[in-house]
Amino acid sequence: MGGPAGVVAASGSEVYKSLRNNVNPKWIQDPGLRKLNFGVATMFASAAANGYDGSLINGLLAIPYFNTNLGDPSSSLLGLTLAGISLGGLPSFIPASYVSDYMGRRFTVFIGSFIMLAAAVIQCATSGVYAFLGTRIMLGVGLGFSQTAAPPLTTEIAHPKHRANVTNLFQATWYWGAILSASIALGTLFLDNSWSWRIPCLLQGLFPAIQCLGLLIVPESPRWLISKGRDQEALDVLARYHANGDKDDELVQYEFQEICQAIEMEKQAAKSTGWSTFFATKGNRHRFLICILVGFMIQWAGNGIVSYYLAPILKSVGITSSVTQAGINLALQFWNAGLSFAGALAAERYGRRPLWLLSASGMLVSFIIVTALSATFAEHGIAAAGSATVAFLFIFFGFYDIAFTPLSIAYPVEILPYNLRSKGLSANLTTVFAAGFFNQYVNPIALEAIEWKFYFVYIATLAAMIPTIYFVFPETKGRTLEEISIVFDGEDARTDVFRQNSVSDEKGSEDKEFTANIEYVKQV
């Protein structure tokens, strides 16, 4: 699906390239960009914290002392405990979106990180399944606040030439948290006491702590500042981090005007910034549908059953050694991290739609093969089928990684206009956690009851995703954060500053002189 008729060929990134900018072409050698990008990287910690938890469960289930601590709970109670982080996150996303819009992105990230850090310390000291469940719910609440505010903050403060990759890389760091968790769990597996599981739980506070420290150097979103009438502060932030303090920089002035005009246009077009705004226009309804679909798809692609229940799956195909299971888990996380990083960078080069479609199609084929191999091992006990199952689980995740990991957060964040970004992301994440909670609670029961036959449910959902992506997901490659609105709302969403400086002008724009007009922006 392309944009509406009449959209000019020029992209926002081309406009940016035509403007003078006081930065070093190599960001690592530029003081402003170096500080900004380092700060942005610390905000990725909320995704890494989520990944740490996803891998932590697999690691803990392979530790005998942890299972002893839980007290051999029933499948339903185990499912509820493992899903505790989703149980805590579900009611927190919507309130977090309001806090993010009214109190700021940085404040909301801090609240979430602090709650997660406290929960990790408390979890380390718990005993029994119910206390462990309580701390997981607390972790979910903190993650809900952090995940709602951190992605909008990173995409809104990133330099324009880095914005797409920064947005895509956010969720790709999920696996680096998983790698750390799997490594720690593998190492503590050899401890002959309860610290074999308490240490991994305590270190769950590492990423929230990194995020708290990162807030010391990360600026507030200039878009949030402008929305609150703090225009001068926003201009200062843009100048300091995007042009080394030069407020007259052409790119900074263009960014400032475009953001001011876009936010003013959003205010004029919407009677309110409440949830009803999602249903006020065709474009907003389309955005809301995508947010819900993405949230559902990333949990119902079959990844959830593997991510949280790798150990039982490996046992079902004859791999029973705890050390072997932990080693496979660690290898899988390294594989995932590499391919999700590649997918994040490929999204801006090749486009979002091709990656979405390739990812879904590849997962469907590989999951069908996994199901067939699992059935062969279960029915006939052929060892080679069990080994091949593990290989195809890696292939399955390879396809998942290239699009479903990096775009699961990036795509909803970039298609949403500023006034709906936090709320739309909270709707997306609520769907993610609701679908994840259902999966984590039902999967162990279903696996115990019907084993490999349960995989057919995911084959059906994967098959339905391919036409959904083709007909519903538009391409957003090469567009600025404000310019993406044109894809959903048509030419009326184009700002005057883009029209005035579009490099698609037939007269040519290379010789065009860019003139800042801040007073005009303030009067719009």
Work out which heavy atom in [X] is nearest to a heavy atom in [Y]; give both atom names and the distance.
X: M116; Y: A49; answer: CE-CB, 3.7 Å
X: S340; Y: T405; answer: CB-CG2, 3.8 Å
X: I484; Y: R163; answer: CD1-NH2, 4.0 Å
X: N284; Y: D489; answer: N-OD1, 4.5 Å
X: R285; Y: A280; answer: NH1-C, 4.0 Å
X: P474; Y: V487; answer: CB-CG1, 3.7 Å

So, do [X] and [Y] sit near enough that their side-chain heavy atoms are less than 4.5 Å apart?
X: N419; Y: S227; answer: no
X: L293; Y: T468; answer: yes
X: I157; Y: V237; answer: no
X: I466; Y: S361; answer: yes
X: P412; Y: L429; answer: no
X: F396; Y: N303; answer: yes
X: P151; Y: M43; answer: no
X: T42; Y: L213; answer: no

Quiz item: Are N168 and E348 close enough that a side-chain donor and a side-chain acceptor fall under 3.5 Å?
Solution: no
Exercise. Kindly indicate whether a cation-pi arrangement holds for R352 with Y411, taking the cut-offs as under 6.0 Å to the six-membered ring centre and within 45° of the axis.
Key: no
Exercise. Give a yes/no verdict on a cation-pi contact between K423 and Y98, requiring under 6.0 Å between NZ or CZ and the six-membered ring centre and an angle within 45° of the axis.
Key: yes
Quiz prompt | Intermediate values then yes/no, side chain to side chain donor-acceptor pair (under 3.5 Å), N21 and E250 | solution = CA-CA 6 Å; N21 185 210; E250 288 186 358; over 6 Å; no
Quiz prompt | salt bridge (Lys or Arg N to Asp or Glu O under 4.0 Å) assessment of E156 paired with R105 | solution = CA-CA 10 Å; E156 289 171 5; R105 313 307 201 203; 2.9 Å; yes
Rounded to the nearest 0.5 Å, what separates atom [atom1] in [X] from atom [atom2] in [Y]?
X: W300; Y: M465; atom1: CH2; atom2: CE; result: 9.5 Å
X: D248; Y: R20; atom1: CG; atom2: CZ; result: 11.0 Å
X: L481; Y: T167; atom1: CG; atom2: OG1; result: 7.0 Å
X: N428; Y: I298; atom1: CG; atom2: CD1; result: 6.0 Å
X: I395; Y: L339; atom1: CD1; atom2: CG; result: 11.0 Å
X: D401; Y: L355; atom1: CG; atom2: CG; result: 12.0 Å

Check whether any side-chain N or O of [X] sits under 3.5 Å from a backbone N or O of [Y] as a donor-acceptor pair, and report yes or no.
X: Q333; Y: A178; result: no
X: T108; Y: S100; result: yes
X: T431; Y: A427; result: yes
X: N244; Y: N22; result: yes
X: W224; Y: D101; result: yes
X: N24; Y: K26; result: yes
X: S181; Y: Y52; result: yes
X: E255; Y: V252; result: no
X: H286; Y: V472; result: yes
X: S366; Y: M363; result: yes

Practice problem: Test Q147 against every option in S46, S426, S92 by the side-chain hydrogen bond (donor to acceptor under 3.5 Å, both in side chains) rule and name the one that passes. | Solution: S46
Practice problem: Evaluate the criterion side chain to side chain donor-acceptor pair (under 3.5 Å) for residue pair Y400 and S359; output intermediate values, then yes/no. | Solution: CA-CA 6 Å; Y400 183 92; S359 184; over 6 Å; no
Self-check item: Positive for salt bridge (charged side-chain N to carboxylate O under 4.0 Å, His left out) with R479, one of E482, E483, E475
Solution: E483
Quiz item: Passes side chain to side chain contact (heavy atoms under 4.5 Å, CB included), F107 versus Y102? Steps please.
Solution: CA-CA 10 Å; F107 177 81; Y102 288 102; over 6 Å; no
Practice problem: Walk me through it: do R240 and L36 pass the test side chain to side chain contact (heavy atoms under 4.5 Å, CB included)? | Solution: CA-CA 9 Å; R240 184 181 309 119; L36 175 63; over 6 Å; no
[X], [atom1]: over 12 other non-hydrogen atoms inside 6.0 angstrom:
X: F278; atom1: CZ; answer: yes
X: R349; atom1: CZ; answer: no
X: F114; atom1: CZ; answer: no
X: K282; atom1: NZ; answer: no

Quiz item: Does the pair D249 and Q253 meet the rule for a side chain to side chain donor-acceptor pair (under 3.5 Å), with working shown?
Solution: CA-CA 6 Å; D249 183 83; Q253 290 293 342; over 6 Å; no
Exercise. In sequence, state the C-alpha distance, the side-chain angles, and the governing distance for R421 and E414, and then conclude on salt bridge (Lys or Arg N to Asp or Glu O under 4.0 Å).
Key: CA-CA 8 Å; R421 188 162 292 131; E414 70 179 9; over 6 Å; no
Self-check item: Ring-ring centroid check W356 F404, cutoff 6.0 Å
Solution: yes
Quiz item: Between F93 and V432, is a side chain to side chain contact (heavy atoms under 4.5 Å, CB included) present by the stated rule, with each step listed?
Solution: CA-CA 11 Å; F93 290 120; V432 171; over 6 Å; no
Exercise. List the steps, then state whether side chain to side chain contact (heavy atoms under 4.5 Å, CB included) holds for L332 with W335.
Key: CA-CA 5 Å; L332 181 61; W335 168 262; 4.3 Å; yes
Quiz item: Passes salt bridge (Lys or Arg N to Asp or Glu O under 4.0 Å), D30 versus K35? Steps please.
Solution: CA-CA 9 Å; D30 186 272; K35 183 178 181 180; over 6 Å; no
